[in-house]
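See below for the structure under consideration.
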Amino acid sequence: MHRSWWMENGPGCTVTSVTPAPDWAPEDHRYITVSGCLLEYQYIEVAHSSLQIVLAVSVDSQPLLLVPLGLFYFCAN
């Protein structure tokens with residue numbers, strides 16, 4: 001199972017544990033519901049990854065500040 005850190009820790013997100021967990025849920029995982037997030041975690045992950053790319057590329061050159069904004073706009077539409 002994959003769970004994004006941003007899914008549980010995004011801005012405005014409220015995490016609620018579900019008990020009892022279903023039988024099929026792995027014992028070392030929490031079974032939760034997430035609600036109230038201001039942005040879906042996929043958008044935050046895209047912006048976060050874009051920022052990392054910009055920082056990596058712009059070490060020796062001018063910062064490419066429009067790349068994360070463009071990717072965020074592209075994914076939002």
Side-chain angles (χ1 to χ4, degrees):
M1 294 172 122
H2 167 74
R3 183 179 299 162
S4 168
W5 184 87
W6 287 109
M7 182 187 296
E8 297 181 35
N9 299 290
C13 293
T14 303
V15 177
T16 306
S17 293
V18 176
T19 52
D23 294 334
W24 54 265
E27 293 180 18
D28 60 340
H29 284 72
R30 295 185 308 151
Y31 194 65
I32 62 169
T33 61
V34 180
S35 61
C37 298
L38 297 176
L39 286 172
E40 293 185 30
Y41 72 94
Q42 296 94 333
Y43 298 131
I44 297 173
E45 289 208 14
V46 167
H48 184 211
S49 298
S50 300
L51 178 61
Q52 289 178 331
I53 292 168
V54 168
L55 292 174
V57 169
S58 65
V59 170
D60 291 328
S61 62
Q62 300 231 345
L64 304 171
L65 298 177
L66 297 179
V67 172
L69 295 175
L71 286 174
F72 186 77
Y73 177 79
F74 175 77
C75 292
N77 290 323

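Between Cys13 and Val34 the shortest heavy-atom distance is CB-CG1, 4.0 Å. Gly10 and Ile44 get closest at one heavy-atom pair: CA-CD1, 4.4 Å.
Going from atom CD of Glu8 over to atom OG1 of Thr14 covers 12.0 Å, rounded to the nearest 0.5 Å. Taking CD of Glu40 as the start and CD of Glu45 as the end, the distance is 12.0 Å to the nearest 0.5 Å.
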